[in-house]
Amino acid sequence: MAGDIANDLFFIFSSSFLMLFYTKVLGISGAVVGTLFLSARVVDAFTDMGMGRLVDTLKPSKDGRFRVWIKRVAPFAVIAGFLMFLSVVQNWSMTAKIVYIFVTYLFWGSICYTAINIPYGSMASVISEKPEDRASLSVFRSMGASLASIFISFFVPLFVYTTDANGAQIVIPERFTLLAGVFAVLAFALYQFCYHFTIERVQIPQKPETEKQSFGKEMAVLVKGLSTNRALGGIIAAAIFLLLSMLLVNTMNAYLYADYFKSSKTLAVAGILGTVGTLMLAPFANKIASRFGKKESATVALFFSAAVYGVLYFLHTDNVMLFLPMAFLASLGMNYFNVVIWAFITDIIDYQEVKTGSADSGTVYAVYSFSRKLGQALAGGLGGFALAAIGYASAAATQEASVLDSIYDVATLVPAIGYTGVALCLWFIYPLTKEKVAENVAILAERRKQAAK
């Protein structure tokens, strides 16, 4: 949980407010920001896989295979996060600003965040091999993300916005930098807590030297195994739709509440309500997943979220007090999936090992991490391009009525379509039913028992 809070202090801060910082503080167009986010994902295709193979192939240290990277990378990750929100850059030339956002964003997202998040996320597979423990780990990860989200969603809008004489919502540039500094200190302390209080219990057998192949042959075998892993393919497709929808909502909400509803305070309330929903679901998520299956229960939950957003789109209300409770209902199904999603990944790692005989935990997680970043980039990229397409004026105090209506449409229609896509991917592509998961756990337990003899 501490590790997820540390990661998400900057992940949620950047996914929710970095576009806002770039457009309203630095005055950079949404199209340029969208290009940055999409370009970064090209870089991630190499850094994510590279980090995954690194943690899978290097000899484990005395601190374990995965957790040691938390200690190694934490200082660089928090510094990189802080550097993305320097308000002094607003006084630079536009060329210098663009160079600044490309360098700092790539340094944080493609290098530092990758180097700490992939080992951290892979670590669940060696903390316990029991499905119920892994579901519990997923719940606590989601609770950590929710706590970070509460702080960011509620306090950031209240802290960075002020109201001018005409009632318009204006951001205070220096406060982005101040918040980034606070988050850097908190994240570093939480990374240390996570490192010191986790234990890698499951010892993955090392391949004998005689079984090791050349790097080229090993990669060919690995790529073949991953490409035929239907569970991984299903969750990647689901993750892209999920992140596209979820993060685009987060991005557009900053404009929806401040510009369309003209109330930055309700943006804070909306963030709190979504997180409250996650915390409400957390105590029951493990029991629901255990009884009905993760795939089965998540599919139903996501169809529900899609339906509520569809209703909001057709209502096109300007009553924020009607919009808020309906948006809260819409978040419940998506939040349930987010609570249990990390248990999906450990199931997929087991599925890969059953199919190939090789425990490629870091690589599997790296592929999934890249798909999440791709969804994040598409959300930010399409958000930026959408803002440009609908005529949003960066750094302007007010927007035209047609622009505001378009912001509402994007903020409701995209998640309605996206969550439907996630549910369809789980139902038709993802093969790991409740029964199949139990079968894979039994197979691996027997293999490790035989290997220990």
Quick check, are the ring centers of Phe85 and Phe13 under 6.0 angstrom apart? yes
Is a side-chain N or O of Asp350 found less than 3.5 angstrom from the main chain of Val441, in a donor-acceptor match? no
Do the charged groups of Arg201 and Asp133 touch, with an N to O distance under 4.0 Å? no
Please confirm whether Tyr257 and Phe261 have ring centers closer than 6.0 angstrom. yes
Closest approach of Met252 and Leu387, non-hydrogen atoms and distance? CE-CD2, 4.1 Å
With side-chain contact (heavy atoms from CB on, under 4.5 Å) as the criterion, how do Tyr105 and Trp108 come out once you've worked through the C-alpha distance, each side chain's angles and the decisive distance to 0.1 Å? CA-CA 5 Å; Tyr105 184 74; Trp108 171 75; 4.2 Å; yes
Surrounding CZ of Phe46 (heavy atoms of other residues, nucleotides or ligands, distance under 6.0 Å), is the total greater than 12? no
For a side-chain contact (heavy atoms from CB on, under 4.5 Å) check, start with the C-alpha distance between Met123 and Ile127, then their side-chain angles and the critical distance, and finish with the verdict. CA-CA 6 Å; Met123 194 166 59; Ile127 287 179; 4.2 Å; yes
For Phe337 and Phe344, run side-chain contact (heavy atoms from CB on, under 4.5 Å): C-alpha distance rounded to whole Å, both residues' side-chain angles, the deciding distance at 0.1 Å, then the answer. CA-CA 10 Å; Phe337 181 47; Phe344 278 75; 3.9 Å; yes
Check whether any side-chain heavy atom of Met19 lies under 4.5 Å from a side-chain heavy atom of Tyr255, and answer yes or no. yes
Test item: Asp8 side-chain N/O and Phe11 main-chain N/O as donor-acceptor pair under 3.5 Å: no
For the CZ atom on Phe303, are there more than 12 heavy atoms of other groups (residues, nucleotides or ligands in this structure) within a distance under 6.0 Å? yes
Is it the case that the side chain of Ser305 and the backbone of Met334 share a donor-acceptor pair, with hydrogens and angles ignored and the cut-off at 3.5 Å? yes
With a 4.5 Å heavy-atom cut-off, do Leu256 and Phe323 have their side chains touching? yes
Donor-acceptor pair, Arg447 side chain versus Glu353 backbone, under 3.5 Å? yes
Please indicate whether Phe328 has more than 12 foreign heavy atoms, meaning atoms of other residues, nucleotides or ligands, lying under 6.0 Å from its CZ. yes
Does Ser138 reach the main-chain N or O of Trp342 with its side chain, forming a donor-acceptor pair under 3.5 Å? yes
Ile101/Ile28 under side-chain contact (heavy atoms from CB on, under 4.5 Å): CA gap, chis, key distance, verdict: CA-CA 10 Å; Ile101 68 171; Ile28 298 173; 3.8 Å; yes
Kindly give the heavy-atom pair with the smallest separation between Ile5 and Gly144, and that separation in Å. CG1-O, 3.2 Å
Within the 4.5 Å heavy-atom criterion, are Phe10 and Ile152 side-chain neighbours or not? no
Separation between CZ (Arg230) and NZ (Lys355), nearest 0.5 Å, reads 11.0 Å
State the OH-CZ distance between Tyr336 and Phe304, to the nearest 0.5 angstrom. 14.5 Å
Given side chains that start at C-beta, do those of Met143 and Thr278 come closer than 4.5 Å, heavy atoms only? no
Arg134 (side chain) donor-acceptor with Asp347 (main chain) under 3.5 angstrom: no
Minimum side-chain heavy-atom gap Arg141-Leu137 below 4.5 Å: no
With rounding to the nearest 0.5 angstrom, report the CZ to OG distance, Phe183 to Ser14. 11.0 Å
With the side chain counted from C-beta on, respond yes when Ile70 and Val73 share a heavy-atom pair under 4.5 Å apart, and no when they do not. no
Kindly check if the number of other-residue, nucleotide or ligand heavy atoms within 6.0 Å of CZ (Phe102) is above 12? yes
Looking only at heavy atoms, the pair that brings Thr104 and Met84 closest together is O-CG, 3.9 Å
Taking Glu200 for the side chain and Phe66 for the main chain, is one N or O donor matched with an acceptor at less than 3.5 Å? yes
Spatial distance of atom CD (Glu439) from atom CD (Glu435) [nearest 0.5 Å]: 10.0 Å
Donor-acceptor contacts, no H, no angles, side chain residues 416-430, under 3.5 Å, sequence neighbours left out:
| residue | atom | partner | partner atom | Å |
| --- | --- | --- | --- | --- |
| Thr420 | OG1 | Ala416 | O | 2.9 |

Considering non-hydrogen atoms only, spot the tightest contact between Ala231 and Pro431 and give its length. CA-CD, 3.4 Å
How close do Phe292 and Ser297 get, heavy atom to heavy atom, and via which atoms? CB-CB, 4.4 Å
Does a side-chain heavy-atom distance below 4.5 Å link Tyr365 with Val55? no
Test of ring centre spacing under 6.0 Å for Phe155 and Phe151: yes
Please determine, by modelled atom types, if Asn117 and Asn7 share a side-chain donor-acceptor pair under 3.5 angstrom. yes
What's the spacing between Ile288 CD1 and Leu281 CG if we round to 0.5 Å? 7.0 Å
From Ile348, Ile349, Ile345, Val364, residue fulfilling side chain to side chain contact (heavy atoms under 4.5 Å, CB included) relative to Ser125: Ile349
Salt bridge check: are Asp259 and Lys24 linked by an N-O gap of less than 4.0 Å? yes
Aromatic Tyr260 / basic Lys262 pairing, under 6.0 angstrom, 45° off normal: no
Minimum-distance pair of heavy atoms, taken over all atoms of Asp56 and Arg65: O-NH1, 2.9 Å
A quick test of your reading: do over 12 heavy atoms of other residues, nucleotides or ligands sit less than 6.0 Å from CZ of Phe241? no
Is the ring centre of Tyr313 less than 6.0 Å from the ring centre of Tyr408? no
Could you tell me whether a side-chain N or O of Lys434 sits under 3.5 Å from a main-chain N or O of Arg291, the two making a donor and an acceptor? yes
Heavy-atom donor-acceptor pair, Thr47 side chain to Ser110 backbone, under 3.5 Å: yes
Below 4.5 Å, heavy atoms only, C-beta onward: do Tyr392 and Ile407 meet side chain to side chain? yes
Drop me the distance from Arg175's CZ to Tyr161's OH, to the nearest 0.5 angstrom. 13.5 Å
Does either side chain, that of Ser142 or that of Asn338, offer a donor lying less than 3.5 Å from an acceptor on the other one? no
Test item: side-chain donor near acceptor, Thr114 and Asp48, under 3.5 Å: yes
Tyr120: partners by side-chain hydrogen bond (donor to acceptor under 3.5 Å, both in side chains), with sequence neighbours left out: Asp4
